[in-house]
Amino acid sequence: MKKIVCFITLIFILFSLSACSGENYSDSSKNIVGIALPTHSLQRWSQDGSNMKEQFEQKGYNVDLEYANDDTNTQIQQIQNMIIRGCKVIIIGSIDGTKITDIIKEASDAGITIISYDRLIRNSEDIDYYATFDNYMVGSIQGQYIIDSLNLTSNKGPFNFEIFAGSPDDNNATFFYNGAMEKLKPYIDSGVLTVKSGQTEFNDVATQSWDTDIAAARMDKILEIYGANEKIDAVLSSNDSCAMGVMNSLTKAGYGSSEKPFPILTGQDCDKLNVPAILKGQQSMSVFKDTRVLASKVVEMTESILKGEDVEINDTTSYDNGKKIIPSYLCEPTYADKNNYKEILIDSGYYSESDIR
Ligand code: BGC
């Protein structure tokens with residue numbers, strides 16, 4: 001009898017210990033989520049990473065978050081390590097969306113679910129989901145902003161206009177460009193907008209790696225075409241790092257005075273460095289993609305995957321990656337300019353005034 005009581009007590013103690021130490025197989029901490037992002041050096045990606053990590057950890061998941069310094073081989077190595085560590089889901093913001101298909105196949109063969117994050121990974125059958133902001137809408141918002149600011153529907157112009165698109169290896173870049181050009185091309189065709197550089201095709205206006213200095217160097221060259229009494233009235237820039245390059249070049253060329261005010265200049269991301277420029281009138285607007293919203297959507301999608309539940313998507317037609325149409329969730333972007341930045345960026349808790357002054 002004594003032996004039986006001892007045995008039952010032992011079982012009870014072992015059971016309690018295992019419950020206290022979290023050694024429970026339905027525990028979410030058993031699920032490691034890998035997050036592979038392109039670079040820490042742009043504010044948006046470091047926010048994406050920290051927002052997702054924080055939200056996953058609050059829910060008890062383990063997170064392997066890596067940044068690849070914009071180097072595809074580093075990213076491949078990082079994904080390889082995530083496979084070895086036993087990640088169940090890997091969320092990837094790719095660098096070159098065409099060059100990681102082999103490692104993704106390896107992950108998929110190992111039973112890992114792949115979510116393409118913000119940028120679509122191309123030419124791979126092994127992408128399960130895509131989560132992003134509506135990239136075409138980002139471009140449309142920028143194009144419409146230029147139309148409204150120059151009052152193009154009733155103004156005959158001509159206005160001098162130049163275009164700075166994103167990196168050619170980023171699938172998003174063409175969506176941004178196409179969204180904006182659908183709005184602006186009719187005005188180029190009718191001569192209301194004049195592109196003195198003659199550079200309007202995506203390949204001519206793309207900015208490798210979204211690099212600020214590359215954008216500045218191209219703007220320097222373009223400005224050589226403009227005579228002393230001519231000025232640029234509007235610049236379409238797909239994001240803030242390119243807009244920064246455009247601003248640097250314009251400042252060097254003497255823009256910013258009352259005779260030569262800064263042109264209407266678009267951007268994207270509402271980077272901390274760019275918002276002060278918006279308040280000073282050097283950049284006109286920036287498309288706002290609240291990374292907290294995208295992060296929580298992806299955390300939700302990942303939880304559904306891990307629980308074997310249906311994953312919420314809202315687009316099954318727009319994103320063909322060359323192999324198949326990827327079920328997607330598109331969040332809606334908006335924009336901030338000097339008139340609404342308080343409501344969009346401060347009241348929403350995204351920034352404090354001291355962040356952007
Ligand atoms: C993102 C933008 C970002 C750009 C440069 C794009 O894929 O969608 O938000 O500005 O990459 O990092």
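Note that ligands are numbered from 1 as they come in the structure, with each ligand's atoms numbered from 1 the same way. Since the model is a prediction, treat every value here as computed from it, not as a measurement.
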Original post:
Is there a donor-acceptor contact under 3.5 Å linking the side chains of Asp337 and Tyr145?
Top reply: yes

Subject >> Residue Asn239 vicinity, atoms of ligand 1 by number, heavy atom under 4.0 Å >> reply: 3 (C), 4 (C), 5 (C), 10 (O)

**OP:** Look at atom 11 (O) of ligand 1 and say which protein heavy atom is nearest, naming residue and atom and giving the distance to 0.1 Å.
**Re:** Arg119 NH2, 2.8 Å

**OP:** Apply the side-chain hydrogen bond (donor to acceptor under 3.5 Å, both in side chains) test between Arg119 and each candidate in Asn171, Asn172, Asp170; give the one that qualifies.
**Re:** Asp170

Subject >> From CA spacing to verdict: salt bridge (charged side-chain N to carboxylate O under 4.0 Å, His left out), Arg44, Asp240 >> reply: CA-CA 10 Å; Arg44 75 143 298 179; Asp240 280 357; over 6 Å; no

Original post:
Take atom NZ in Lys99; do more than 12 heavy atoms of anything else shown fall under 6.0 Å from it?
Top reply: no

Original post:
If you count the non-hydrogen atoms of other residues, nucleotides and ligands that lie under 6.0 Å from CG in Asn229, is the total more than 12?
Top reply: no

Original post:
Is Phe133 near ligand 1, meaning one of its heavy atoms is under 4.0 Å from it?
Top reply: no

Subject >> Which of the ligand 1 atoms, numbered from 1, are nearer than 4.0 Å to a heavy atom of Leu42 >> reply: 5 (C), 12 (O)

Subject >> Per-atom contacts of ligand 1 with Lys289, taking only distances under 4.0 Å to non-hydrogen atoms >> reply: 1 (C), 2 (C), 8 (O), 9 (O)

Subject >> Non-neighbouring partners of Ser140 that pass side chain to side chain donor-acceptor pair (under 3.5 Å), sequence neighbours left out >> reply: none

Original post:
Can we call the ring centroids of Tyr341 and Tyr351 under 6.0 Å apart?
Top reply: no

**OP:** Describe, in one word, how the ring planes of Tyr130 and Tyr319 are oriented to each other, choosing from parallel (under 30°), tilted (30 to 60°) and perpendicular (over 60°).
**Re:** perpendicular

Subject >> For atom 3 (C) of ligand 1, closest protein heavy-atom neighbour >> reply: Asp269 OD2, 3.4 Å

**OP:** Decide whether Ile147 and Tyr335 are clustered together by the hydrophobic rule: side chain heavy atoms of Ile, Leu, Val, Met, Phe, Trp, Tyr closer than 4.5 Å, transitively.
**Re:** yes

Original post:
Of all the atoms in ligand 1, which lie at a distance below 4.0 Å from a heavy atom belonging to Arg44?
Top reply: 1 (C), 2 (C), 3 (C), 8 (O), 9 (O)

Original post:
Of the backbone atoms (N, CA, C, O) and the side-chain heavy atoms from C-beta on, which set of Tyr117 has a member under 4.0 Å from an atom of ligand 1: side chain, backbone, both, or neither?
Top reply: neither

Original post:
Starting from atom 8 (O) of ligand 1, which protein heavy atom do you reach first, and at what distance in Å?
Top reply: Asp118 OD2, 2.6 Å

Original post:
For atom 4 (C) of ligand 1, which protein heavy atom lies nearest, and how many Å away is it?
Top reply: Trp210 CE2, 3.6 Å

Subject >> Closest protein heavy atom (residue, atom, distance) for atom 12 (O) of ligand 1 >> reply: Trp45 NE1, 2.9 Å

Subject >> Numbered atoms of ligand 1 (with element) below 4.0 Å of Phe176, judged on heavy atoms >> reply: 8 (O)

**OP:** Would you mind finding which of Asn171, Thr291, Asp170 brings a heavy atom closest to atom 7 (O) of ligand 1?
**Re:** Asp170

